[in-house]
**Q** 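Quick one: this structure, given as structure tokens, is what I'll be asking you about.
When a ligand or atom number is given, it counts from 1 through the structure's own listing order. Since the model is a prediction, treat every value here as computed from it, not as a measurement.
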Amino acid sequence: MRQEVNDQLSRPLQDLRISIMDRCNFRCSYCMPAEIFGPDHVFMSEEELLSFDEIIRSAEQFAALGVKKIRLTGGEPLLRKDVPELVASLRTIEGIEDVALTTNAVLLTKQAKSLYDAGLERVNVSLDALDPEVFQTMSGRKTKPDAVLHGIDAATDAGLGVKVNMVVKKGVNDGEVIPMARYCKQKGITLRFIEFMDVGQTNGWEFSQVVSKKELYEQVSQIALLEPVERDYFGEVASRYRYVGSDVEVGFISSVTETFCGSCTRARLSADGKLFTCLFSESGFDLRALLREGVTDSQIRDWIRAVWEKREDRYSELRTEETAKNRNKIEMSYIGG
Ligand code: SAM
């Protein structure tokens with residue numbers, strides 16, 4: 001029986017993002033800058049990572065407390081072996097209606113079909129530019145954007161729903177907004193623009209580098225007029241629009257200029273099993289320790305409930321240039337994007 005749980009601001013626990021890998025094959029300047037995540041960076045050991053059994057057991061307890069959707073992320077989740085097996089197990093959990101994946105898609109070409117067969121419904125593919133040079137500047141690697149485009153095609157061919165996410169950084173890839181919008185519109189794929197956020201401590205975030213939803217909306221409207229689309233559910237992060245005269249959508253995730261903490265229903269589990277109640281948290285709660293102590297399922301649920309019931313995070317609503325610089329926030333690659 002499900003026993004739903006609300007936090008201090010009456011927000012239900014509905015979504016769980018699970019980072020299954022802290023490593024990534026990209027070094028995006030806004031997420032895992034190569035200067036910081038260089039050859040000497042120490043990533044998690046096999047032993048530190050939650051095992052698939054531990055992930056599944058945790059997910060079952062979250063589902064019993066109201067979680068309906070699970071998203072696998074990282075790091076780059078497809079760097080972990082046997083992800084289809086994990087997806088198949090998560091799909092069987094009572095109450096879980098949707099399992100999705102966020103990926104840079106470089107490894108998707110080979111895995112799209114088996115992920116779909118395992119029960120994956122949707123992928124969000126991160127792609128910040130079509131121009132090879134701009135793409136490489138954003139991703140910090142020599143990989144060409146074609147690798148991602150092939151991954152997108154493989155996912156579509158396999159039957160997966162695909163959305164593309166583009167982080168826009170002023171002066172770096174804002175010239176790619178229109179080409180990306182045109183490309184996705186022509187392919188019939190929803191493109192979502194993400195405002196550059198001050199996640200973590202290493203990306204040197206400044207407000208002046210954020211391209212706001214308003215600016216992005218104005219640019220995209222040059223392609224075709226946009227009409228708003230009603231929200232599908234409480235907690236939806238993107239504000240959605242449709243190109244007039246087509247059924248192709250475009251979305252804006254404006255967590256800097258139009259915050260949405262009030263409807264945030266997401267918990268995050270890091271690859272080493274720390275539970276975070278906000279993307280901008282300074283510390284997490286050690287679920288792995290509990291799992292490895294040999295406690296019962298009901299004790300795990302009580303523990304999760306207690307964490308969620310105390311939750312009062314609303315960082316984006318309180319953000320200032322000062323908090324962005326001085327708060328000791330966890331990196332996105334660790335907490336899971
Ligand atoms: N490696 C996978 C990928 O590329 O999608 C999953 C992890 S990645 C951290 C998840 C998402 O977070 C990506 O869409 C990425 O662009 C976004 N992201 C990372 N750092 C960000 C930041 N500082 N501001 C906005 N979005 C960010």
Side-chain angles (χ1 to χ4, degrees), residues 17-34 36-37 43 70-80 83 100-108 111 115 122-129 134-135 137-141 143 145 147-148 151-152 155 160 162-170 172-174 176 180 190-207 209-213 216 237-238 251-257 259-260 266 268-271 276 278-280 315-316 319 324-325 327 329-337:
R17 301 198 165 210
I18 309 176
S19 170
I20 57 171
M21 176 52 95
D22 61 331
R23 290 161 204 259
C24 190
N25 40 358
F26 279 176
R27 285 293 177 273
C28 299
S29 62
Y30 54 83
C31 186
M32 280 184 95
I36 315 272
F37 294 87
F43 288 98
I70 291 181
R71 174 171 296 282
L72 301 180
T73 179
E76 172 48 47
L78 294 181
L79 286 176
R80 184 105 183 229
V83 181
L101 175 85
T102 299
T103 174
N104 61 35
V106 171
L107 300 169
L108 198 54
Q111 299 196 43
L115 286 164
R122 304 177 291 118
V123 285
N124 284 356
V125 173
S126 308
L127 174 65
D128 298 331
V134 181
F135 177 81
T137 305
M138 287 297 276
S139 67
R141 289 288 196 237
T143 311
V148 179
I152 293 174
L160 290 163
V162 178
K163 284 182 190 150
V164 170
N165 287 339
M166 171 180 182
V167 176
V168 189
K169 224 176 142 180
K170 196 164 272 177
V172 185
N173 69 332
D174 41 353
E176 289 290 292
M180 283 281 293
T190 300
L191 171 62
R192 302 179 327 160
F193 296 100
I194 307 181
E195 289 180 347
F196 173 40
M197 294 182 285
D198 56 320
V199 199
Q201 294 297 105
T202 58
N203 66 14
W205 185 89
E206 290 193 14
F207 188 74
Q209 299 166 316
V210 178
V211 183
S212 68
K213 173 193 164 183
L216 292 162
V237 293
F252 302 90
I253 302 180
S254 50
S255 68
V256 179
T257 65
T259 59
F260 39 80
R266 276 173 297 282
R268 296 182 142 85
L269 201 53
S270 64
F276 291 91
C278 176
L279 181 55
F280 301 92
Y315 174 81
S316 291
R319 174 189 289 112
K325 289 209 171 70
R327 235 173 103 142
K329 290 168 279 143
I330 307 283
E331 298 303 318
M332 177 90 121
S333 57
Y334 176 81
I335 203 169

**Q** Does any N or O in the side chain of Trp205 come within less than 3.5 Å of the main-chain N or O of Val199, such that one atom is a donor and the other an acceptor?
**A**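 Flag not set: sc Trp205 to bb Val199 has no pair under 3.5 Å.
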
**Q** Starting from atom 26 (N) of ligand 1, locate the nearest protein heavy atom and write down its residue, its atom name and how far away it is, to 0.1 Å.
**A**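 Ranking protein heavy atoms by distance from atom 26 (N) of ligand 1, first comes Val167 CG2, 3.3 Å.
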
**Q** Please check: side-chain N/O of Arg80 versus main-chain N/O of Met21, any donor-acceptor pairing under 3.5 Å?
**A** no

**Q** For residues Ser333 and Met32, report the shortest heavy-atom separation together with the two atoms involved.
**A** CB-CG, 3.5 Å

**Q** Please report which non-hydrogen protein atom sits nearest to atom 14 (O) of ligand 1, along with the residue it belongs to and the distance in Å to one decimal place.
**A**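 Answer, as residue, atom name and distance: Ser126 OG, 2.8 Å.
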
**Q** If hydrogens are left out, which of Cys24, Pro77, Gly75 has an atom nearest to atom 7 (C) of ligand 1, that is, the closest non-hydrogen atom?
**A** Gly75

**Q** For Asn203, counting its heavy atoms only, list the atoms of ligand 1 lying under 4.0 Å from any of them.
**A**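 Once the distances to Asn203 are compared, the set is 23 (N).
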
**Q** Can you find an N or O of Ser333 that's nearer than 3.5 Å to an N or O of ligand 1?
**A**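 No: no nitrogen or oxygen of Ser333 is under 3.5 Å from one in ligand 1.
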
**Q** Which is it for Ile194 and ligand 1 at heavy atoms under 4.0 Å: side chain, backbone, both or neither?
**A** side chain

**Q** Hey, what's the ring geometry for Phe193 with Phe252, parallel, tilted or perpendicular (30° and 60° as the breaks)?
**A** parallel

**Q** Is it the case that the side chain of Lys163 and the backbone of Arg192 share a donor-acceptor pair, with hydrogens and angles ignored and the cut-off at 3.5 Å?
**A**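 Answer holds: no.
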
**Q** Classify the contact between Thr102 and ligand 1 as side chain, backbone, both or neither, using a heavy-atom distance cut-off of under 4.0 Å.
**A** both

**Q** Using a 4.0 Å cut-off to any heavy atom of Thr73, which atoms of ligand 1 qualify?
**A**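 Result: 6 (C), 7 (C).
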
**Q** Side chain of Gln209, backbone of Lys170: donor and acceptor closer than 3.5 Å?
**A** no

**Q** Within ligand 1, which atoms have a heavy atom of Cys31 less than 4.0 Å away?
**A** 9 (C), 19 (C), 20 (N)

**Q** Can you label the angle between the Phe280 ring and the Tyr315 ring as parallel, tilted or perpendicular, going by 30° and 60°?
**A** parallel

**Q** I'd like to know whether ligand 1 has Met166 as a neighbour, heavy-atom separation below 4.0 Å.
**A**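 Contact check Met166 vs ligand 1: negative.
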
**Q** Hey, which atoms in ligand 1 end up nearer than 4.0 Å to a heavy atom of Asn104?
**A**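 Atoms satisfying the 4.0 Å criterion: 2 (C), 3 (C), 4 (O), 5 (O).
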
**Q** Checking a contact table here: which protein heavy atom is nearest atom 20 (N) of ligand 1, and how many Å away?
**A** Tyr30 CD1, 3.3 Å

**Q** Return yes if some donor-acceptor pair links the side-chain N/O of Asn173 with the main-chain N/O of Asp128 below 3.5 Å, else return no.
**A** yes

**Q** Looking at atom 19 (C) of ligand 1, what's its closest protein heavy atom, distance included?
**A** Met332 CE, 3.3 Å

**Q** What I want to check is whether the side chains of Glu76 and Thr103 have a donor and an acceptor closer together than 3.5 Å.
**A** yes

**Q** Taking all atoms of both residues into account, what is the closest heavy-atom pair of Met197 and Leu279, and its distance?
**A** CE-CD2, 3.9 Å

**Q** Under 4.0 Å, counting heavy atoms only: does Gly74 come that close to any atom of ligand 1?
**A**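 Distance cut 4.0 Å: Gly74 passes for ligand 1.
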
**Q** Looking only at protein heavy atoms, identify the closest one to atom 24 (N) of ligand 1 and say how far it is in Å.
**A** Met197 N, 2.9 Å

**Q** Between Thr103 and ligand 1, which residue portion shows a heavy-atom distance shorter than 4.0 Å: side chain, backbone, both, or neither?
**A** backbone

